[in-house]
Each structure stands twice: as C-alpha cells, then as structure tokens.
Q: 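First the structure, then my questions, so here it is.
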Amino acid sequence: MKTNRAVRTPGGLSVRLDVRALTVVVLLLLAALTASVVLIGTGDFPISAADVLRTLAGEGDAGQEFIVTELRLPRVLVGLLVGASLGLGGALFQSISRNPLGSPDVLGLGQGATAGALTVIVLFGGTANQVALGALAGGLVTGTAIYVLAWKRGVHGYRLVLVGIGVSAIVTAVNGYLLTKSDIVDAARAVVWMTGSLDGRDWDQVWPLLALSAVLLPLVLANSRALGMMEMGDDVSYALGVRVERVRLLLMLSAVLLTASATAAAGPVSFVALTAPQLARRLTRSPGPNLAASLCMGAALLVTADWVSQRAFGAEQLPVGVVTGVLGGVYLLWLLVTERRAGRI
C-alpha cells in the first residue's frame with residue numbers, strides 16, 4: 001500500500017508526505033492526551049474525564065480546580081515532557097549510532113546524571129533544585145566523555161555503543177561507592193531518587209522542561225533531514241552537502257540535554273528512551289529517525305506507565321521507574337534475541 005503523497009504548495013514547492021507516519025503521530029498524540037486526562041482523574045479523589053476537561057477549561061468548582069491544576073496537572077505535564085524528551089533523545093542516539101542499542105540507558109547517560117545527583121546528595125546534602133542541577137551537570141559531563149573517547153576521525157556506530165557501555169560500567173561503580181559512603185538518611189533519599197518517580201512533581205519542574213523543549217525541539221526537527229541522510233553513511237552525506245560532524249555534534253548535544261533534563265526532573269526512568277523509538281519505527285514502518293513519532297510514543301508510554309503504577313497494585317503504588325524497568329527489560333531481551341537471529345549481534 002502506497003503511503004507517500006506529494007503535496008504541492010501554492011508557491012510551487014513540493015513536499016513528500018508519509019501518510020502512515022503522520023497518522024501514527026496523530027494517534028500517538030491522541031493516546032498520550034487521553035491517558036493524561038484519565039491520569040489527572042485518578043487518585044484518592046476520583047474525577048471523571050468530563051469533569052477534568054471542564055475544570056481544565058476553567059469551569060470546575062473550587063475543589064476540582066485545586067486538585068486538577070495544583071496537584072495533578074503538574075505531575076502529568078512533567079510525565080509528558082519527560083517521556084517526550086526521553087523518546088526524542090533515544091531516537092537521536094539510535095539514529096546517530098545506527099544501532100537499536102544506542103540509547104541513553106545503554107550508553108550510560110542516565111547513570112552519569114545519577115552520579116551528579118548522588119554527589120550533591122551525599123557530599124553536600126543539597127536541596128531538590130540542587131540535586132536536579134547536579135543530575136544535569138552529571139549527564140553533560142558523561143555525554144562529553146563518551147563523545148571524546150569515541151572520537152576517531154568521527155563518531156561511528158558500534159564504537160559509540162561500546163564506549164558508552166564502558167563508561168556506564170565505570171559510572172555505575174562510582175555510584176555504588178557514593179552510596180556506601182553516605183549515611184542512612186542520605187542513602188535512603190538517594191535510592192528513592194534513583195528509582196525514578198513522578199511523585200511530588202509540581203510547576204517548578206514543569207517550566208524548565210518546557211523552556212528547554214521549546215529551544216531544542218525546533219533545533220532538532222530542523223536538522224532531521226540531515227540526520228536521515230547520515231543514516232546512509234558519512235561519505236554519502238558529505239556528497240549530499242551535509243556537514244556531518246557539525247550536525248552530529250549538535251544533535252548529540254541536544255540528545256544529552258534532553259536526557260539529562262528529563263533525569264533531573266524525574267530521576268533515571270529506565271528504558272523509555274530505548275523502547276519508544278523502536279516501537280515508533282515498527283508502527284510507522286518508515287525509514288529514518290522517526291523523531292516526531294518517537295517523541296509522542298515516549299510521552300504516551302510514560303503517562304500510561306504512571307497510570308499503571310498507581311492503579312495496578314491497589315494501595316501499594318509503585319514508582320513509575322519500576323514499571324518502565326520491568327516492561328523495558330522484557331523488551332530489551334526480545335530485541336537482543338531478534339538482533340541475534342538477524343545476525344546483527
């Protein structure tokens with residue numbers, strides 16, 4: 001079935017439109033928004049979806065207004081932004097490395113951000129905002145180290161993944177050391193943060209994520225065509241006029257910032273960055289990075305996982321990182337088996 005259409009603008013420009021990919025993006029966006037409305041209505045004081053929409057439109061009563069806009073909406077917005085950031089960051093890394101395992105989870109960026117947060121918690125007893133800044137700094141330092149160590153006339157494929165796995169092992173050992181040197185109170189606080197959770201998130205986490213996304217999203221999408229060309233190899237990309245290393249460095253920096261900021265806001269929520277791009281690619285059946293679909297898939301996955309964490313276990317609510325870790329671990333095993341049968345690993 002043909003899914004590509006050529007759309008001609010009044011100015012004479014012709015744009016190729018992938019109808020299936022566009023349909024998948026729209027459906028994933030609707031799924032994320034629907035799950036968000038349901039999640040806002042979930043809790044000790046249930047609110048119907050109709051009342052949630054009415055309250056968001058400014059027509060709810062005072063009690064509903066407080067519960068929705070002050071307590072639940074910020075948490076859901078953080079979930080959407082964190083999931084979207086992880087999905088987009090994972091798609092960028094997988095496309096740059098041309099490897100389905102080239103995600104922030106495998107490359108060690110989450111562990112690097114965790115090291116930054118643990119340093120602030122254990123050594124300085126920092127506040128929540130200081131812990132977030134520490135996580136952001138740790139992710140940036142780790143991303144820079146991976147890029148420098150993987151550089152050899154460019155950054156390519158499996159070298160990036162192997163260097164990332166090595167850095168991840170080192171940083172994980174550092175994190176274990178920091179935990180052993182902390183007192184019981186700081187250790188408990190650190191373990192809670194390391195699980196990955198949306199509990200207690202408010203507008204203080206929403207605005208920085210929203211501002212960073214507003215800057216990085218247009219930048220990434222503006223370079224999506226060059227990124228698609230780079231998947232054909234550096235030589236072909238150079239021949240087509242792509243400034244490969246400049247684009248690669250810019251997109252890797254964007255991916256590191258997206259991943260580190262998401263980790264700073266919600267802790268190291270695992271496997272969303274790994275699974276979202278792969279699931280999006282299977283739905284769109286489209287070559288290329290599938291950035292928009294990965295972004296929407298990440299947002300839908302995280303808010304759905306947060307709903308599962310609140311509802312599936314009754315009164316025993318789980319941090320969302322536990323749910324994504326279990327589901328993502330199963331998916332990773334399936335992906336490894338598939339790649340091995342295909343002879344790629």
Side-chain angles (χ1 to χ4, degrees), residues 16 18 20-22 24-25 28 83-110 139 143 146-147 150-151 154-165 213 216-260 262 271-299 301 328 331-332 335 338-339 342 344-345:
R16 186 177 68 85
D18 190 328
R20 182 186 178 93
L22 180 60
V24 168
V25 169
L28 287 173
S85 298
L86 292 175
L88 183 57
L92 288 172
F93 272 115
Q94 291 180 19
S95 183
I96 290 171
S97 64
R98 298 196 290 274
N99 190 317
L101 296 178
S103 80
D105 301 295
V106 178
L107 297 180
L109 292 175
I146 293 171
Y147 186 86
W151 173 269
V155 177
H156 304 285
Y158 279 103
R159 186 163 67 242
L160 179 65
V161 175
L162 291 174
V163 169
I165 292 173
S213 299
L216 293 180
L217 183 58
L219 181 65
V220 169
L221 294 180
N223 288 276
S224 60
R225 183 171 179 270
L227 182 62
M229 293 180 182
M230 287 166 56
E231 291 191 344
M232 297 184 290
D234 287 1
D235 292 338
V236 175
S237 301
Y238 278 120
L240 293 173
V242 177
R243 303 177 69 174
V244 174
E245 286 307 320
R246 179 180 177 181
V247 173
R248 181 180 287 129
L249 178 60
L250 179 64
L251 293 180
M252 281 193 66
L253 177 60
S254 299
V256 170
L257 283 172
L258 287 166
T259 304
F271 288 114
V272 174
L274 174 67
T275 57
Q278 293 302 310
L279 293 175
R281 184 185 291 267
R282 281 165 172 76
L283 288 177
T284 61
R285 299 180 186 174
S286 174
N290 288 286
L291 298 181
S294 299
L295 182 152
C296 294
M297 177 63 79
L301 281 177
Y331 177 80
L332 177 59
L335 180 62
T338 302
E339 292 291 302
R344 290 188 284 266
I345 59 174

Q: With side chains defined as the heavy atoms from C-beta onward, is the minimum distance between Ser254 and Leu216 less than 4.5 Å?
A: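 Touching, per the 4.5 Å side-chain cut-off.
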Q: State, to 0.1 Å, how close Gly139 and Ala260 come at their nearest heavy-atom pair, and which atoms those are.
A: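 So the minimum-distance heavy-atom pair works out to CA-CB, 4.1 Å.
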Q: What distance do Leu22 atom CG and Ser286 atom OG have between them, rounded to the nearest 0.5 Å?
A: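 Spacing of CG (Leu22) from OG (Ser286) equals 11.5 Å.
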Q: With side chain to side chain contact (heavy atoms under 4.5 Å, CB included) as the test, would you mind laying out the steps for Val256 and Ile146 before giving the verdict?
A: CA-CA 11 Å; Val256 170; Ile146 293 171; over 6 Å; no
Q: Given 3.5 Å as the limit, does a donor-acceptor pair link the side chain of Gln94 with the main chain of Leu274, or not?
A: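 Yes, the answer is positive, given that a donor and an acceptor are paired below the 3.5 Å cut-off.
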Q: Out of curiosity, Cys296 SG to Leu283 CG, how far, rounded to the nearest 0.5 Å?
A: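 Going from SG on Cys296 over to CG on Leu283, the span is 11.5 Å.
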Q: Nearest 0.5 angstrom please: Met252 CE to Leu160 CG, how far?
A: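 Taking CE in Met252 and CG in Leu160, the distance rounds to 5.0 Å.
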Q: Can you measure from CG (Leu88) to CG (Leu92) and round to the nearest 0.5 angstrom?
A: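 Answer for the CG-CG pair, Leu88 versus Leu92, is 4.5 Å.
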Q: Measuring from atom CG of Leu86 to atom CE of Met297, what distance do you get when rounded to the nearest 0.5 angstrom?
A: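 Spacing of CG (Leu86) from CE (Met297) equals 14.0 Å.
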Q: Please name the pair of heavy atoms, one in Gly90 and one in Pro277, separated by the smallest distance, quoted to 0.1 Å.
A: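 Shortest heavy-atom contact: C-CG, 3.6 Å.
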Q: Could you check if a side-chain atom of Leu301 sits within less than 4.5 angstrom of a side-chain atom of Leu279, using non-hydrogen atoms only?
A: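 Yes, close enough: below the 4.5 Å cut-off.
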Q: For a quick test of reading the model, state the closest non-hydrogen atom pair linking Ala91 to Leu291 and the distance between them.
A: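 Heavy-atom minimum between the residues: CB-CD2, 3.9 Å.
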Q: Locate the shortest heavy-atom distance separating Gly228 from Pro289; write the atom from each residue and the value.
A: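 Shortest heavy-atom separation between Gly228 and Pro289 comes out as CA-CD, 4.0 Å.
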Q: Evaluate side chain to side chain contact (heavy atoms under 4.5 Å, CB included) for Val220 paired with Leu227, printing each intermediate quantity in order.
A: CA-CA 9 Å; Val220 169; Leu227 182 62; over 6 Å; no
Q: Does the Ser97 side chain pair with the main chain of Phe93, one donor and one acceptor, at a distance under 3.5 Å?
A: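 Present.
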Q: Looking at every non-hydrogen atom in both residues, tell me the closest pair between Ala273 and Pro104 and how far apart they are.
A: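 It is CB-CD, 3.6 Å.
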Q: Output yes when a side-chain donor or acceptor of Asn290 lies under 3.5 Å from a complementary backbone atom of Arg281, and no otherwise.
A: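 Absent.
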Q: Roughly how far apart are Leu295 CG and Ser85 OG, rounded to 0.5 Å?
A: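 Atom-to-atom, Leu295:CG and Ser85:OG are 7.5 Å apart.
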